[in-house]
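What you see is a predicted model, and the numbers here were worked out from it, not measured in a lab. Just so it is clear: chains get the letters A, B, ... in the order the sequence lines come, proteins before strands, and each one is counted from 1.
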Number of protein chains: 2
Amino acid sequence: MKPEKRAPLDRGRVADTALRLLNEVGLEGLTLRAIARELDVKAPALYWHFKDKQALLDEMATEMYRRMAAGAALDPADTWRERLLKINRGLRGALLGYRDGARVFSGSRFTGADHGPELEANLRLLTESGLTLAQAVHAGRTTHLYTLGFVTEEQGVRPHPDERREGYDVAERARRLAGYPLAAEAGKLLFDDYDQQFEEGLELLIAGIAARYGAG
Amino acid sequence: MKPEKRAPLDRGRVADTALRLLNEVGLEGLTLRAIARELDVKAPALYWHFKDKQALLDEMATEMYRRMAAGAALDPADTWRERLLKINRGLRGALLGYRDGARVFSGSRFTGADHGPELEANLRLLTESGLTLAQAVHAGRTTHLYTLGFVTEEQGVRPHPDERREGYDVAERARRLAGYPLAAEAGKLLFDDYDQQFEEGLELLIAGIAARYGAG
DNA sequence: ACATCTCCTTAACAGCGTTAAGTGGCGTCG
DNA sequence: CGACGCCACTTAACGCTGTTAAGGAGATGT
């Protein structure tokens, strides 16, 4: 009967476990007690590694970013269009990989400088394509915020594959907007094929960058 | 010594009071007990008017929308560019008018069909400018989600005029990103002049709509 | 007059993030 | 060897949260 002692925790193990649990219970179910239970520990133990829950969420967001960056093949020969597409498709994919991923991500701040290298590489590629640094920042920032807004909305309606938030299906919306024919018709377009709608928005942004900043 | 009886509550009074209180205490301080206290009532009384807190937040978001729509002059002679600019500037202004406005707004769903008329008018104007309905929906949706993403970020860094979130000023960011010159330089551009940055993003989107959908 | 409906109160519940204090095991030092 | 001290955690508790159950006062209807 050995008690089989656990190895001590560290920030990484906690964040990993919390991310796994996030997908099972969602953000509102992600309590410190639940995370601790998963780690075979009591809740206050987490305060040894994180000063409060937000610090843990920050670490989770940072880890989400690290995994996203690790999975992205950054071809230095990309055109700026391809790079912006890859960045934002990758970001959306990463956020969709976690329940409430967008809410966790945009409510948090990175804990380290892990994003430095990729940010630098992206800015370099954009500026070498003929954009000024300010233009590159605007382009990156605008697409980034669009993507965050998009996925936030997407996950609000559909927190995870399967399961829809109650009281917001197309039929009910159509009933409430009867009398507004264009609005009602628009509803059909609004709740299907998120992939293609996301792409369309990205294309709009990229067309705008090309037009306004005169980049090839 | 008259007890000076209160008039009975209704959903509107509750939502109005909650919105006023939101600006004083922020979303995390907006508890049912605090709202009830403001209304000279006990917390469970609110459950007579709303089935749960989310229903109250939904009503608040709807009221935010109503006030925004009421303050917007919708000139039928607008070009589609002007209209999209007005809509999204108005939305941003409305969200910035409340502490955590963007989080409340994008976490909620409208309770009625108040948005019907304006949505219909906007879609009509866009389609009469030569866009297909699908294009109009894409244009409106993309700008809308950009604006929500932008203000969410903006209010995350600066929840209200004054008061910044701790641990994220430009100096600390620059220190962490030393060694990444473009990224460090970009930081200066990232945290100042939100108004102008918002405008720039909007212009990118509008340029993209013009270019991709070939509208005048 | 009694019953009904409306709107609110009191009391309580489980669960939350968080803090304070204590405790067992380990490494180091006298 | 024994004592000290640090690490990583536990136990206990606090004030707070959203929410439910039960009841009660006051107007309204018959």
Margin query: Tell me the interatomic distance from B:K53, atom NZ, to C:dC16, atom C1', rounded to whole angstroms.
Written below: 13 Å
Check: How long is the line joining CD of B:E28 and P of C:dC16, in whole Å?
Finding: 18 Å
Notebook entry, point to check: Does B:H49 make a side-chain N or O approach to OP1 or OP2 of C:dT6 shorter than 4.0 Å?
Noted result: no
Notebook entry, point to check: Taking the six-membered ring for Trp, are B:Y146 and A:Y146 ring centroids under 6.0 Å apart?
Noted result: no
Next item on the list: Could you list the residues that satisfy ring pair (Phe, Tyr, Trp, His ring centres under 6.0 Å) with B:F50, not counting sequence neighbours?
Entry: none
Note to self: Under the rule for side-chain hydrogen bond (donor to acceptor under 3.5 Å, both in side chains), what residues qualify as partners of A:R83, not counting sequence neighbours?
What the structure shows: A:D78, A:N122
Notebook entry, point to check: Who passes salt bridge (charged side-chain N to carboxylate O under 4.0 Å, His left out) against B:D114, sequence neighbours left out?
Noted result: B:R66
Check: Any donor-acceptor pair under 3.5 Å joining the side chain of A:R33 to the base of C:dG15?
Finding: no
Check: Which pairs pass side-chain hydrogen bond (donor to acceptor under 3.5 Å, both in side chains) with one or both residues in residues 10-21 of chain B, sequence neighbours excluded?
Finding: B:R11-B:E59, B:D16-B:R67, B:R20-B:E38
Next item on the list: When you get a sec, tell me which of D:dC9, C:dC16, C:dT19 is the closest nucleotide to the side chain of A:L9?
Entry: D:dC9
Notebook entry, point to check: To the nearest Å, how far apart are B:L27 CG and D:dT17 P?
Noted result: 13 Å
Margin query: Between B:V157 and A:R109, is there a side-chain heavy-atom distance shorter than 4.5 Å?
Written below: yes
Next item on the list: Starting from C1' on C:dC7, measure out to CZ on B:R11 and report it in whole angstrom.
Entry: 15 Å
Next item on the list: Specify the separation, in whole Å, of atom CD of B:Q54 and atom C1' of D:dT17.
Entry: 16 Å
Margin query: Between P on D:dT20 and CG on B:D52, what's the gap in Å once rounded to a whole number?
Written below: 8 Å
Margin query: Does anything in residues 35-44 of chain B come within less than 4.0 Å of DNA chain C? Heavy atoms only, and list the residues if so.
Written below: B:V41, B:K42, B:P44
Next item on the list: Could you tell me the separation between the CG atom of B:L46 and the P atom of D:dG18, rounded to a whole number of Å?
Entry: 10 Å
Note to self: Can you tell me which nucleotide in C:dC7, D:dT20, C:dG17 comes closest to the side chain of B:P8?
What the structure shows: C:dC7
Notebook entry, point to check: Which listed nucleotide (C:dC8, C:dT18, D:dT19) is nearest to the side chain of A:L32?
Noted result: C:dT18
Check: Can you name the salt bridge (charged side-chain N to carboxylate O under 4.0 Å, His left out) partners of A:R103, sequence neighbours left out?
Finding: A:D100
Next item on the list: Ignoring the backbone of A:W48, work out which of C:dC8, D:dA8, D:dT19 is nearest its side chain.
Entry: D:dA8
Margin query: With nearest nucleotide decided by heavy atoms, which residue, B:L30 or A:A45, maps closer to the 5′ end of DNA chain D?
Written below: A:A45
